[in-house]
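Below: one structure, written as structure tokens.
A, B, ... follow the sequence lines: proteins, then strands. Residue 1 opens every chain. Remember, predicted model here, so these are calculated numbers, not experimental data.
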Amino acid sequence: MKNSLLIAKRELEAFFDSLIAYIVLVLFLGFSGFFTWLYGSDIFFIGQADLRGFFSIGYWTLFFFIPALTMRMIAEERKTGTIELLLTKSVTDREVILGKFLATIFLISMALVCTFPYIITISILGKLDWGATFCGYLGLLLMSAVYTSIGIFASSTTNNQIVAFLVALIVGLFFHLIFSVLIGIGGIIGLIFQQLSMQTHFENISRGVMDSSDLVYFLSMTAFGLFLAELSLSKRKIAD
Amino acid sequence: MNIKIENLTKRYDKQIAVDKISFEVKTGEILGFLGPNGAGKTTTMKMITNYISIGEGDIKIGDKSIRTEADILKKFIGYLPEHNPLYLDMPIIDYLQFCAKLQGLQSTEVEVRLREMIRVCGLNKEKHKKIGELSKGYRQRVGLAQAMIHDPEILILDEPTTGLDPNQIIEIRKLIREIGRTKTVILSTHILPEVEAICDRILIIKEGKIVADGTAETLRKQAQGQEILKVRIEDGKPQNIQFELEKLTSVASAKILDETENRFEIQSKNGESSKRPIFQMCLENQFVLTESVPFETKLEDIFRELTT
């Protein structure tokens, strides 16, 4: 765990050194702020003191931003060869994956924390449902965890960052949108797709309904993504 | 810690990269790993450092096998990979601290070792720069520093002196020699004089197999077989001197190299030396022996002979 934290710290420093962190923070706040407060079905249009609008914007912005954050994590190290140096230190493959995961989650949490002034403003405007707000943020964070693990897996399969980005986006798109469309098939297959769809679980949780099946979904998806990433990193060690 | 390699084999698809090699390196020994490109040097090093898995056979460090106890053994190994990959966006000091902590050093030790490495590797002038801003030679020093920062028992260096200027090369060689006294070092290189300058033992591999193993001297003797002398004998006609030389029983052939300067190349018969007989012959004929240089087979020649 200590090694994972060391790696996470280094990754975060790399985020901030390369300005990626600032760009992501500014863009995320810009997008979510613009659509929450100023444009389309914004808060003043709906006339309700809640953050639903923000959560559904966040649902999409994070979907696009996360692959951009994770794409370089392993692909770049593979390309420059630093992965060899890192993995021959006394760290395990799992610690490396976990470190990179933690760094991304930390950066996303920072972005979410930066939107806390929205809560304050809205709670002044009207009566805010604190439970639903908390659940909404939790939903965004859990969703981010899933997409981060998918992104890291995508990054671990290639040494090209663009490929990593696109793979993460395409795989993500299935969970984000396509599965929810496929629910229409109906029957058992429809039910399976419903369970697999991110939208189902995110909507549940952002409505303020915390069901254990949603938690299981988010956590198991994240674990599975990280497991695949570790597997793909360890592939070099599989005996011939 | 000793490194013991037993019947090590590694295949990539159908191509054999390393083919049943066995050797042992003892503490206090510096082993030079030679071989043409693609001979399997880097693959072997990657297996020792547990970056890739062992195909067949085993690598034992101390009395532990890398197959089963790699996680413990990694702490004892310092590794400088080929092409010296580094995080270019990190400042030198941060990077070395990062490496030291990953290798499990306590924070008090980290500072001590960091200062030591900056001094030993000559990084003091550049220590506040980012690695990406450094010249190739300085990057190489950072690569060495990160390999040695946790004071490892075993040092695996894949072409450690590439990109260094001659002064730096001498310093780094001295450094490796010093470390080699108490630690186990395996280094690969293309620069043959370097092997002679640093290594106690040379291992030449070709197409995944060991073709030579020994000190520079033993390899030379094996390759040379016959003694070759270059001599200058004055006060006589070259043809006469040649005639007298060829009369000697130990001499296989005598060749005139330079008529005006009376230089000859003398090849002795297998296992015999002609140095004394030549001297005696000169006394008897009142020639004057002014130069006598044993001709040494160069490591380059041995290398070429074994690997082509």
Legend entry - Atom CZ of B:Arg115 with >12 non-hydrogen neighbours under 6.0 angstrom: no
Legend entry - side-chain contact (heavy atoms from CB on, under 4.5 Å) assessment of B:Lys130 paired with A:Asp17: CA-CA 11 Å; B:Lys130 283 191 175 178; A:Asp17 275 351; 4.2 Å; yes
Inset, instruction - Over all heavy atoms of both residues, which pair between B:Gln103 and A:Ser90 is shortest? Give the atoms and the distance, please. - result: OE1-N, 3.0 Å
Legend entry - Distance, nearest 0.5 Å, that separates CG of A:Leu86 from CG of B:Leu102: 6.5 Å
Legend entry - Residues, nucleotides or ligands: over 12 heavy atoms within 6.0 Å of A:Lys2 NZ: yes
Inset, instruction - Supply the atom-to-atom distance A:Leu85 CG to B:Leu86 CG, rounded to the nearest 0.5 angstrom. - result: 6.5 Å
Inset, instruction - Could you tell me the separation between the CG atom of B:Leu88 and the OG1 atom of A:Thr80, rounded to the nearest 0.5 Å? - result: 7.5 Å
Inset, instruction - For atom CZ of A:Phe31, decide whether the heavy atoms of other residues, nucleotides or ligands shown that lie under 6.0 angstrom number more than 12. - result: no
Legend entry - Heavy-atom proximity to chain A below 4.5 Å, by part of B:Phe76: neither
Inset, instruction - I would like to know whether A:Lys89 and B:Tyr79 meet side-chain contact (heavy atoms from CB on, under 4.5 Å); could you show each step before the answer? - result: CA-CA 8 Å; A:Lys89 299 258 180 283; B:Tyr79 180 38; over 6 Å; no
Legend entry - Test item: A:Arg10 side-chain N/O and B:Phe98 main-chain N/O as donor-acceptor pair under 3.5 Å: no
Inset, instruction - Without swapping roles, check the side chain of B:Lys74 against the backbone of A:Val91 for a donor-acceptor pair under 3.5 Å. - result: yes
Legend entry - Nearest-0.5 Å distance, OG1 of residue A:Thr88 to CD1 of residue B:Ile52: 12.0 Å
Inset, instruction - Counting only heavy atoms closer than 4.5 Å, note whether B:Glu82 contacts chain A via side chain, backbone, both or neither. - result: neither
Legend entry - chain B contact via A:Glu77 - which portion, at a heavy-atom distance below 4.5 Å: side chain
Inset, instruction - Taking atom CZ of B:Arg173 as the centre, report whether more than 12 heavy atoms of other residues, nucleotides or ligands fall under 6.0 Å from it. - result: yes
Inset, instruction - Determine whether more than 12 heavy atoms belonging to other residues, nucleotides or ligands lie under 6.0 Å from atom CZ of A:Phe227. - result: no
Legend entry - Proximity breakdown for B:Met90 and chain A, heavy-atom pairs closer than 4.5 Å: side chain
Inset, instruction - Please test B:Tyr51 against A:Ile83 for side-chain contact (heavy atoms from CB on, under 4.5 Å), starting from the C-alpha separation and ending with a verdict. - result: CA-CA 9 Å; B:Tyr51 179 63; A:Ile83 195 79; 3.5 Å; yes
Legend entry - Test item: A:Glu84 side-chain N/O and B:Pro81 main-chain N/O as donor-acceptor pair under 3.5 Å: no
Legend entry - Atom pair CG (B:Asp89) and CD (A:Glu76), whose distance is rounded to the nearest 0.5 Å: 7.0 Å
Inset, instruction - Please say whether more than 12 non-hydrogen atoms of neighbouring residues, nucleotides or ligands are located less than 6.0 Å from CZ in A:Phe16. - result: yes
